[in-house]
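So the structure is just underneath, and the comments pick up after that.
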Amino acid sequence: MRWSQAFIPTLREDPAEAEAASHRLLTRGGFIRQLSAGHYSMLPLGQRVRARIGRIIRREMDAIGGQQFHLPALIPGELWKRSGRWDLVGEELFRLVDRKAADFVLGFTHEEVFAHLATEVPSYRDLPQIWYQIQTKFRDEPRPKGGVLRVREFTMKDSYSLDVDTAGLDAAFDLHHGAYRRIFGAIGLEAIDVEASSGAMGGTKSVEFVVRSPAGEDWIVTCPKCDYRANLERAVSAPSPIRDPAGEAKLERFPTPGIKTIAALAESFPNDAPPERQIKTLVYLLDGALTLVLVRGDHELLEQKLVDATGAANLRPATAAEIRSALGADPGSLGAVNVTGYQIIADNELSGRSHLVTGANQDDFHYRGVDVGRDIAVGKWASLRTTKAGEPCIRCGSSIEIWKGIEVGHIFKLGTKYSKVMGALVQDDDGQSHPIVMGSYGIGLERAMAAVVEANHDERGIIWPPSIAPYQVVLTVLRVDDPDTMSAGERLYANLLDRGVDVILDDRDERPGVKFADAELIGIPYRVTIGPKGLRAGKAELTTRRGLSTEEVELGALGSRLAELLS
RNA sequence: CGGGAUGUGGCGCAGCUUGGUAGCGCACCUGCUUUGGGAGCAGGGGGUCGCCGGUUCAAAUCCGGCCAUCCCGACCA
């Protein structure tokens, strides 16, 4: 490619709206342009990078036996109604209606369609299968942000494994796990795998690949000493040792006029009611059912854990009016002691505790001497609280760390949720029909591209890893009006093309500073500079983008030197 | 959905308080000079001032409504 003929609209100044480094640099470098909130055009440079990422993904997916498909993005609503996701997903799903008034959705992911196709797999002998595609996905995100980090329309590699049984699923899951490690390694991302919540996807297990970055939106818990690592939504820490007073607790109601908060109660009754000896009672509606949710006074509920523990599709805090009508008191005096008729779910760390304090469901009164096992009819125990930095690791007791990461991939063990409803069954050797056991696996291509930029840039611009750079080498001719220099540049350009080097020839009639600044902004890994001075000595300069170190190389040796660097 | 901010040539911004000829830098076009780190001089082209309505002799500017975009939060596979 000749730069003089390329459409590479670089900007000298940062776009006003861009905050995240990847958003700023990809826009300035002429890789992407925003069309509307959450929708971006890929300009030629952006398209090249995304295509390279796609190529690496295809290579690794094919290597584990994946077969590439391409499904419609526009899917009959019927399939989504059958899977239940028509109702489950809500506003995040783009829905439309055709001229015959039939419902359609824009694909969010493609479990339904692939499971539908899987009905044509006739026998267990045809399994396992790994099916994948690289295709546009649509999600009506409430708040797109960070350039292409979080968008409403994006490209995803989504794959689906089909197996006879869970042992087969485990194997397919492990294959993907390995392929994902190789993919992220190849595109230059230090992605680490963490235990994650499956969310509305359902299924038994999921692992998320995250890249550490302040621009990320996932909170990740890791232990510096052992290999424990999990998304905050899944993370647990070792319970802190708390000794309740010995002896049987005597349940007793006592007046607490005007006290509405854990902190106020602790202040007024420092001996009876320090926060870790209180029970915080929260009231939620889980799919319409009023539920009491209990955590320790100094702990915070993590709503996703409540969703995961109960399988609820819809969850919201109860209103003050709903609470008063159910329990007879206002928030501030709520408790679960002797409450019946509502489901009660409690955090594991309340298990076995006694001599605790909680609201009495009567304004301005609390109970003390609460014994959880004796006084509260807990229907379900689960980890519900938010883990905090510095708490002891569940495995080794070291102080855990919490940091922000970008989710670049997520792999799920789905089970039979979709195959059952779509009727994707195979017969076993006894002639019995079984639903196919499925997994699903996703990588967001533009997000991966942005994550690479977040992790690889400096004040001058992007530093692409050679594997996904839009061009591997930029050949910068300093004096295009000087016939000797230009023809030397042309010869070298032809020579590099012959060697299969992906090179762009900067033949623009621009001043050197402009050319250098652009090359550094768009992040081409290697720059060869040809100018009249060096040419007289038969040399060119070779500059490495990362670190901007420069070496002088004989013209004749450049091809082999670059081949060496790029191998 | 709640809070905050911003909408003026392709990009970055001033002008709005106090209503009266739409302006600056970059980019772009032409010419000359210049050429190893974002050149200089001269000339030139390009804007429904987000949209709708109102006030006024007169609105980028004042008032009302709406829309869009960004940031924080809620939410989020």
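Values below: every heavy atom of this structure, side chains too, minus hydrogens, waters and symmetry copies. The structure displayed is predicted, hence computed values, not measured ones. In what follows, chains carry the letters A, B, and so on, assigned in the order in which the sequence lines appear, proteins first and then strands, with residues in each chain numbered from 1.
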Rounded interatomic separation in angstrom, taking [atom1] from [X] and [atom2] from [N]:
X	N	atom1	atom2	value
A:Arg28	B:rA27	CZ	P	14 Å
A:Glu217	B:rC75	CD	P	13 Å
A:Ile8	B:rG10	CD1	C1'	17 Å
A:Glu13	B:rA27	CD	C1'	10 Å
A:Glu17	B:rC72	CD	C1'	16 Å
A:Asp481	B:rU33	CG	P	12 Å
A:Leu478	B:rG36	CG	P	8 Å
A:Glu141	B:rA74	CD	P	15 Å

[options]: which one has an atom nearest the side-chain heavy atoms of [X]?
X	options	value
A:Glu541	B:rU35, B:rG36, B:rA77	B:rG36
A:Arg12	B:rC26, B:rG36, B:rC11	B:rC26
A:Glu19	B:rG38, B:rC71, B:rU35	B:rC71
A:Val514	B:rC75, B:rA39, B:rG37	B:rA39
A:Ala37	B:rA77, B:rG25, B:rU69	B:rU69
A:Leu11	B:rU69, B:rC11, B:rG36	B:rC11
A:Glu303	B:rC75, B:rU35, B:rG37	B:rC75

Q. Hey, are A:Ser487 and A:Glu490 close enough side-chain-wise for a donor-acceptor pair under 3.5 Å?
A. no

Q: Answer with yes or no whether the side chains of A:Arg527 and A:Thr529 bring together a donor and an acceptor at under 3.5 Å.
A: yes

Q. Which comes earlier along RNA chain B counting from the 5' end, the contact point of A:Ala517 or that of A:Ala16, where each point is its nearest nucleotide?
A. A:Ala16

Q) Starting at the 5' end of RNA chain B, which residue's closest nucleotide do you reach first, A:Leu548 or A:Asp14? A) A:Asp14

Using atom [atom1] of each nucleotide, how far apart are [N] and [M] to the nearest Å?
N	M	atom1	value
B:rG20	B:rA59	C1'	10 Å
B:rA77	B:rU8	C1'	42 Å
B:rG19	B:rU55	C1'	11 Å
B:rG47	B:rC11	C1'	14 Å
B:rG7	B:rU21	C1'	24 Å
B:rA22	B:rC16	C1'	12 Å
B:rU6	B:rA60	C1'	15 Å

Q: Ignoring hydrogens and angles, tell me if any N or O in the side chain of A:Lys305 forms a donor-acceptor pair with the backbone of A:Ala235 under 3.5 Å.
A: yes

Distance-only donor-acceptor test, [X] side-chain atoms vs [N] base atoms, 3.5 Å:
X	N	result
A:Arg508	B:rG38	no
A:Arg85	B:rA77	yes
A:Asp518	B:rG38	yes
A:Glu510	B:rG37	no

Q: Evaluate the ring pair (Phe, Tyr, Trp, His ring centres under 6.0 Å) criterion for residues A:His177 and A:Phe209: first the C-alpha distance (whole Å), next the side-chain angles of each, then the deciding distance (0.1 Å), finally the verdict.
A: CA-CA 9 Å; A:His177 198 284; A:Phe209 289 79; 5.4 Å; yes

Side-chain N or O of [X] less than 4.0 angstrom from OP1 or OP2 on [N]?
X	N	answer
A:Lys145	B:rC72	yes
A:Gln34	B:rC70	yes
A:Arg511	B:rA39	yes
A:Arg143	B:rA74	no
A:Arg460	B:rG37	no

Q. Taking the six-membered ring of A:Trp80, is NZ or CZ of A:Arg95 closer than 6.0 Å to its centre and within 45° of its axis?
A. no

Q | Row check, A:Phe154 ring normal vs A:Lys137 NZ/CZ: under 6.0 Å, within 45° | A | no

**Q.** Short N-O contact, A:Glu111 and A:Arg85, less than 4.0 angstrom
**A.** yes

